[in-house]
Student: 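Quick one: the structure is below, and I'll ask about it shortly.
In this text the structure is predicted, and so the values were computed from the model without any measurement. Values below: every heavy atom of this structure, side chains too, minus hydrogens, waters and symmetry copies.
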Amino acid sequence: MILITGANGLAGSAMIREFARQGHPVKALVRSRAKARVLEAFPTVEIVEGDMQRPETLTNALSGVERVLLISSPNLQMVETQCTFIDAAKAAGVRHIVKFSGSTTALDSPFLFSRMHAEIEQYLEHSGLAWTHLRPSQFMTEYLREAPTIVSAGAFFLPLEDTKLTPVDLEDIAKAAFALLTTTGHEGKTYMMSGPEALSMAEIAEQISLATGSSVRYVSISPEDRNGALLAAGFPAYLVDALDVQADERRKEANGEAVVHPETHIALDIHPTTFAEFARRHAADFRGELATAE
Ligand SMILES: NC(=O)c1ccc[n+]([C@@H]2O[C@H](COP(=O)([O-])OP(=O)(O)OC[C@H]3O[C@@H](n4cnc5c(N)ncnc54)[C@H](OP(=O)(O)O)[C@@H]3O)[C@@H](O)[C@H]2O)c1
């Protein structure tokens with residue numbers, strides 16, 4: 001049996017949808033079943049409740065599980081949450097963990113979450129369990145967060161100057177995770193995964209314009225203006241600081257995020273979704289026509 005943690009979140013729910021699409025049985029770990037009603041629509045998904053920081057709540061979730069896809073929220077508790085879970089999984093007899101990290105994962109990264117992912121990867125490698133690291137680049141869904149100003153002002157505002165990024169479709173990542181969890185030969189390997197193109201924000205704006213049929217501009221703003229907007233929107237200070245550092249790294253193109261990594265799509269025979277395809281699929285979200293975005 002396979003268990004996916006963080007199953008109620010952005011990435012985890014995309015992974016669950018792929019298992020459901022494939023008709024493959026899977027357990028979905030959530031903290032609250034009441035908040036996971038959408039997963040109940042899938043007959044091959046068994047919803048299990050548990051808190052990754054409290055091993056005593058995980059007995060049912062981990063029972064009979066051989067492989068795990070390890071995901072939790074990018075927050076200050078991420079290392080503690082995932083390392084506690086790794087210990088509990090090992091004690092329960094899990095054999096193999098696929099760790100969901102990020103493309104800039106490194107112990108010496110200036111970006112908080114890249115350092116945290118690296119610490120967890122290292123902990124997992126030393127746990128005695130079989131491991132695989134899946135390292136996706138920026139999710140394309142990050143641009144759905146810009147829908148409100150795209151709708152109200154025909155523009156989105158980021159402190160990224162003319163830097164290029166290689167956003168990847170979560171549906172492609174889900175196909176990769178499915179393959180890593182249901183086929184053999186992936187133990188002890190790291191899978192970097194990006195979208196098929198390095199795109200500037202102006203190019204992303206152009207793709208959203210084409211998909212929605214209305215003009216969308218990218219406006220480069222100062223880091224101070226971005227930080228102020230995030231704080232005003234209620235983001236906690238630690239997260240605003242972390243995102244500020246990440247944007248700084250991106251402006252310098254210092255962390256390899258402008259480099260396309262096609263190797264995982266090729267190795268696992270996954271069609272690399274372009275941003276244009278993603279934008280067409282989400283045209284209604286970018287037009288503000290749907291109440292909820294992915
Ligand atoms: N955004 C990007 O562009 C990007 C790119 C590469 C990698 N990543 C990585 O992707 C990962 C997933 O991100 P996401 O956006 O999917 O996060 P998310 O939406 O916050 O989802 C994380 C899920 O983990 C669950 N969780 C957190 N603590 C838990 C605990 N103690 N016990 C059980 N469940 C717990 C949360 O449960 P609740 O629903 O109960 O809160 C939530 O459903 C992160 O590690 C991030 O660093 C993100």
Side-chain angles (χ1 to χ4, degrees), residues 10-11 13-14 17 102-104 111 136-174 193-235 239-240 242-262 265 270-294:
L10 178 65
S13 59
R17 284 196 297 277
S103 64
T104 58
F111 180 45
S137 63
Q138 181 194 45
F139 303 158
M140 288 180 180
T141 51
E142 288 295 301
Y143 297 92
L144 296 179
R145 295 182 198 276
E146 309 305 326
T149 64
I150 290 174
V151 173
S152 64
F156 62 93
F157 304 82
L158 291 171
L160 292 175
E161 298 173 353
D162 58 356
T163 196
K164 291 196 178 218
L165 293 173
T166 55
V168 64
D169 189 2
L170 262 173
E171 292 192 5
D172 292 10
I173 307 171
M193 195 167 190
S194 78
E197 307 151 289
L199 296 168
S200 67
M201 297 303 113
E203 287 166 330
I204 284 175
E206 197 183 316
Q207 295 302 339
I208 299 172
S209 302
L210 285 170
T212 57
S214 359
S215 165
V216 175
R217 288 176 308 124
Y218 159 62
V219 180
S220 188
I221 57 172
S222 70
E224 293 73 24
D225 284 352
R226 176 67 173 171
N227 295 348
L230 291 176
L231 286 169
F235 280 56
L239 188 53
V240 175
L243 295 174
D244 185 43
V245 170
Q246 183 187 46
D248 190 45
E249 288 293 287
R250 286 177 169 171
R251 281 191 301 273
K252 291 188 282 191
E253 295 195 351
N255 53 10
E257 280 192 279
V259 177
V260 174
H261 283 279
H265 283 87
I270 297 165
H271 164 76
T273 305
T274 62
F275 195 88
E277 288 169 322
F278 170 84
R280 281 198 293 274
R281 204 170 79 222
H282 286 281
D285 293 299
F286 283 120
R287 285 193 211 105
E289 289 168 2
L290 298 180
T292 51
E294 211 171 79

Student: Give, for atom CD of Glu289 and atom OG1 of Thr212, the distance between the pair rounded to the nearest 0.5 Å.
Tutor: 9.5 Å

Student: Side chains of Glu253 and Thr163: donor-acceptor distance under 3.5 Å anywhere?
Tutor: yes

Student: To the nearest 0.5 Å, what is the distance between CG (Leu230) and CG (Leu239)?
Tutor: 7.5 Å

Student: Got Ile204 and Leu165 here, is their nearest side-chain heavy-atom distance under 4.5 Å?
Tutor: no

Student: Between Arg17 and Glu171, does any side-chain N to carboxylate O distance fall below 4.0 Å?
Tutor: no

Student: Please report the shortest heavy-atom distance between Leu158 and Glu146, naming the atom on each side.
Tutor: CD2-OE2, 3.8 Å

Student: Output the distance between atom CG (Leu243) and atom CZ (Phe111), rounded to the nearest 0.5 Å.
Tutor: 6.0 Å

Student: Minimum heavy-atom separation for Ala258 to Ala198, with atom names?
Tutor: O-CB, 3.5 Å

Student: Decide yes or no for Thr273 and Arg281: does some side-chain heavy atom of the first lie under 4.5 Å from some side-chain heavy atom of the second?
Tutor: yes

Student: For Ala174 and Ala14, work out which heavy atoms get closest and say how close.
Tutor: CB-O, 3.6 Å

Student: List the atom of Glu257, the atom of Thr166, and the distance in Å for their closest heavy-atom pair.
Tutor: O-OG1, 3.2 Å

Student: With rounding to the nearest 0.5 Å, note down the distance linking NZ in Lys164 to CZ in Arg250.
Tutor: 15.5 Å

Student: What's the shortest heavy-atom distance between Val168 and Ser137, and which atoms?
Tutor: CG1-OG, 3.5 Å

Student: Below 4.5 Å, heavy atoms only, C-beta onward: do Gln207 and Val216 meet side chain to side chain?
Tutor: no

Student: So Glu249 and Lys252, salt bridge (charged side-chain N to carboxylate O under 4.0 Å, His left out) or not? Walk me through it.
Tutor: CA-CA 5 Å; Glu249 288 293 287; Lys252 291 188 282 191; 3.6 Å; yes

Student: Tell me whether the count of non-hydrogen atoms from other residues, nucleotides or ligands lying under 6.0 Å of CZ in Arg251 goes above 12.
Tutor: yes

Student: So, for Phe286 and Val151, which heavy atoms are closest and what is the spacing to 0.1 Å?
Tutor: O-CG2, 3.6 Å

Student: Would a 4.5 Å heavy-atom cut-off, applied to side chains only, mark His265 and His271 as touching?
Tutor: no

Student: With a 4.5 Å heavy-atom cut-off, do Phe157 and Asp225 have their side chains touching?
Tutor: no

Student: Are any of the side-chain heavy atoms of Glu197 and Glu203 separated by less than 4.5 Å?
Tutor: no

Student: Between atom OG of Ser215 and atom CD1 of Ile208, what is the distance when rounded to the nearest 0.5 Å?
Tutor: 11.5 Å

Student: Looking at CZ of Arg145 and CG of Leu10, how far apart are the two atoms once the value is rounded to the nearest 0.5 Å?
Tutor: 7.0 Å

Student: Is the distance between the ring centroids of Tyr143 and Phe275 under 6.0 Å?
Tutor: yes

